[in-house]
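Structure first, then comments.
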Amino acid sequence: MMPRYWLAVVVCLSSAEVPAYELSTHARISYQAYLASTFEKSQYLFDGLGLSDEPSVFGESYIDSSGSEIFVRRADGFEKGIIQNGLKLVEEVSTIKGWLMRGAIREDDVPIFFGDNPQDDPFGQIFRVVNHFYDPIKDRPLTVLGLVSGEKAPDWAIGAADVFADENRADGFRRNHFTVFDAHEALYRALTGLSGGGSAAIGEGGATPATPVAREALRKAYWATTFRALGDLVHLIQDMAQPQHTRNDAHAGSDDYTQPAGPIGHKSFYEGYIDERARTGAADNSNGSRRGLRPLVYGGYPVPAFNDYVSYFSVRHKLAAVGARTGLADYSNRGFFSVGKNLGQGEYDLPPNTLAAYSPQPRVIDSRGNSVDLLYGTVSDAFTGASDTVPLTTWGAWNEAAQTYGVGERFSLIRENYDAMADLLIPRAVAYSAGLINRFFRGRLEISPPDEGVYAIVDHALTNGVDDGFTRLKLKLRNATPDVDDGQATYPQAMTAGTLRAVAKYRRNGCYQPDLSGEPGLTSCDLSANRTTYEEVAVSQSVTVASLSATQPQAFSFDFSANPIPLNATDLYLQVVYRGGLGSEADAVVVATRDIAEPTYLSLANYTDYYLLDGVFYRPQTILDTPSLFKRIDSDRDGQYNPAIDVNIDPLTLAYVVNFGGPTVATLSVPPARFSRFAFLVDGPSVSVNILKQSFGYWISPSINTNRFQFDPATGTVKSKGFGSSRGFNWQVNFPDWKWLGSTSQGDTSTLADLADPTPVPVQLDF
């Protein structure tokens, strides 16, 4: 029978029975890990992934798949209750942080009768929790009475058959569907709407979504899956900060501490106590009252970086010396005791197993003056090189009696031990979780315009329908992924043997018409009210690359002929998705996002069917028929019009050459009273264009404002560049040309008659 004093300590430390046993702790640590990660410390969430962490960002569904079997699952009120009610993070339930927390919560799922989690696993309920243990000294999963009870936590988390042998070799029969491998596939499908093999991503029952709304919903579900899987993943790294999980100390048994623990141990005092601190900052006393607890400390530890996923768990595959290992399981295993593997138990060499290695300090624990000795020892951190002296275990008042009766010394863990553990382990759980998130998203691509200065260009004479668009896109790419420095060595993150796809994500401008007549400034069509509510993606054909340079941007051309970037795109973002080798990882997914201008329309109009004389437009025949006007052009004063000698007022076919600071992209030949127009994609908000007016023999190089159809959520309106109309055709940027004599005034073009043919003349594109 357990000594009464020990029972009192247990009662003090145990929390009331709550539905979310230890789940609040995981959710809170995951939340703090997000805040410590790249997402919060940089613009990567937007500039990389093209996301914003807003409420209901992905909806309520996510994907659970294994091979060709795909099921759609929904977020549950179970997780919502923990996040909202337990942690008071009301606004975060459906954000990206919320999905991360949901995964961290649901990683502890168990079958019915063993827990109150939703029993919604379409592949059948399993004991996920038995796969949350890893002993880095003996390289073993949870082992009870010599029987293996689950997978090693690193294998379970990453999805490898043997993570220490090859973390890139996936376990094709894995039961965990929220691994690193699954997160990569979900991310790729979320970005492209395609599977890794290039076929259309499918939903439940193998169905391919038939509508843009359904396709967007499926991509969002895969986004949710990505972060749900990362939540599961960081849960497992957080368990490595719990010594029972790294010292093979089962703790899934009864909370009746008056009975023997048995092979699966009692419920974890530590987890229950820390859960109370994570949720409410108060714990139950044995008399039912509440006592205040100081908040957990989450920050203050540097976020580590490793060159593989498994090193966040343990670096036993790299370092033989136990004391030099920098994985989180390495630290908690050698640095702390657990209830079932306490001082004197003898299974592990560290912490030291002799009483003489510790400095006792008396501690009075109750009103009757009962005391214990807190045994202080040193915990060394191989990652930072720091050491902390803390109370690692407790020597109680019953030890002398226990020795008298030949049952050996009894050591215990009390609140002071748990607080000391939490102060060191929780910040590391946050930092290692953040580091693992950072590793998953460490890849960086740098997009820049091609030599031509424009990403894409089309002739609006031939490509102008609401379903028409840009079928070829050019850009330059550089591997901008920084090296990984783990404190021991520096590892370049080369991109090798992969594929690229360009992606345009957009909404549609419902005001667009082939002649541009529906655009702002020309119509009362309200673009804010005529912008599609759903987002679409246009995805290019795949381009195979042997490598991507980290120093020199490389030029690429992407084929969108099967899925053009539409001319009526608004809220347009350009992305490039790389899938392939990245450093030591064989199948990484890297994306870069660039907010580019929407299609901008440039027109070159030939107004030489009129002649500008002293600031007034005249038809050439009117000048010839009016003596006072004719005198102005009759250079030889012979009363006869001779264009070779006199001022030439004859209409001309005008020739132009256009570039954007690089090679020629367009050559135009525009007859009198006609115009040509092309649309192009560039960075905004302005761009310089060079136009050689061959017929007049000079260049102009104006800087023009590009089209910015961007929805502003603050005002609920769409910001856009205005359009104009002249001579019966509509334009956004227009450079009309005419001949003139006298004043160089532009003249009043509104006085000119409409063009006889208000359709554009085709352009010769060199792109």
Side-chain angles (χ1 to χ4, degrees), residues 9-10 12-15 18 20-33 35-36 86-87 104 108 132 234-247 249 251 266-284 290-303 328-342 351 361 363 365 372 374-381 383-384 386-394 411-434:
V9 173
V10 170
C12 252
L13 291 174
S14 299
S15 64
V18 292
Y21 176 67
E22 87 156 347
L23 300 180
S24 301
T25 307
H26 280 293
R28 175 69 76 178
I29 293 174
S30 301
Y31 175 79
Q32 296 296 143
L35 298 182
L87 301 179
D108 261 345
H132 296 183
V234 297
H235 176 122
L236 290 154
I237 200 67
Q238 291 157 23
D239 276 346
M240 299 302 96
Q242 212 283 57
Q244 288 178 289
H245 283 259
T246 61
R247 293 171 68 84
D249 188 359
H251 52 278
H266 289 121
K267 280 188 176 180
S268 173
F269 312 146
Y270 175 70
E271 291 180 354
Y273 172 55
I274 297 305
D275 199 56
E276 287 287 351
R277 289 181 63 185
R279 290 190 304 117
T280 62
D284 286 331
R290 305 285 281 174
R291 55 185 170 84
L293 301 174
R294 64 182 174 89
L296 290 171
V297 176
Y298 298 102
Y301 191 82
V303 175
L328 190 53
D330 301 323
Y331 175 78
S332 69
N333 172 281
R334 70 168 179 262
F336 301 91
F337 294 112
S338 61
V339 172
K341 302 294 172 71
N342 209 327
Q361 293 186 19
R363 167 77 164 88
I365 59 170
V372 294
L374 298 175
L375 301 184
Y376 278 75
T378 299
V379 183
S380 297
D381 186 327
F383 181 73
T384 64
S387 295
D388 297 276
T389 300
V390 297
L392 289 179
T393 188
T394 300
F411 297 92
S412 58
L413 299 177
I414 65 172
R415 179 177 174 179
E416 282 79 0
N417 304 123
Y418 290 147
D419 284 339
M421 291 167 62
D423 287 346
L424 294 176
L425 290 168
I426 297 299
R428 285 165 173 79
V430 171
Y432 275 72
S433 295

Measure across [X] and [Y] and return the closest heavy-atom pair with its distance rounded to 0.1 Å.
X: R277; Y: D419; value: NH1-OD1, 2.8 Å
X: L328; Y: A429; value: CD2-CA, 4.2 Å
X: A33; Y: S433; value: CB-CB, 3.5 Å
X: A278; Y: Y298; value: CA-OH, 4.0 Å
X: P302; Y: T384; value: CG-CG2, 3.9 Å
X: V390; Y: A420; value: CB-CB, 3.9 Å

As an exercise, state the distance from [atom1] of [X] to [atom2] of [Y], rounded to the nearest 0.5 Å.
X: L425; Y: I29; atom1: CG; atom2: CD1; result: 9.5 Å
X: T246; Y: D330; atom1: OG1; atom2: CG; result: 9.0 Å
X: T25; Y: Y270; atom1: OG1; atom2: OH; result: 8.5 Å

Side-chain heavy-atom pair [X], [Y] within 4.5 angstrom cut-off:
X: P243; Y: D249; answer: no
X: Y418; Y: M421; answer: yes
X: D423; Y: R294; answer: yes
X: V297; Y: I426; answer: no

Qualifying residues under ring pair (Phe, Tyr, Trp, His ring centres under 6.0 Å), relative to H26, sequence neighbours excluded = H235

For F336, ring pair (Phe, Tyr, Trp, His ring centres under 6.0 Å) partners two or more places apart = Y331

Residues in side-chain hydrogen bond (donor to acceptor under 3.5 Å, both in side chains) contact with Y301, at least two apart in sequence or another chain | D381

Could I get the full list of side-chain hydrogen bond (donor to acceptor under 3.5 Å, both in side chains) partners for N342, not counting sequence neighbours?
-> T393

Residues Q238, S30; criterion side chain to side chain donor-acceptor pair (under 3.5 Å); working and verdict = CA-CA 9 Å; Q238 291 157 23; S30 301; 3.1 Å; yes

Does any N or O in the side chain of [X] come within less than 3.5 Å of the main-chain N or O of [Y], such that one atom is a donor and the other an acceptor?
X: S332; Y: Q242; value: no
X: R428; Y: A241; value: no
X: N417; Y: I414; value: yes

Residues in salt bridge (charged side-chain N to carboxylate O under 4.0 Å, His left out) with R247, at least two apart?
-> none

Kindly write out the residues that satisfy salt bridge (charged side-chain N to carboxylate O under 4.0 Å, His left out) with D388, not counting sequence neighbours, or none if the list is empty.
-> none

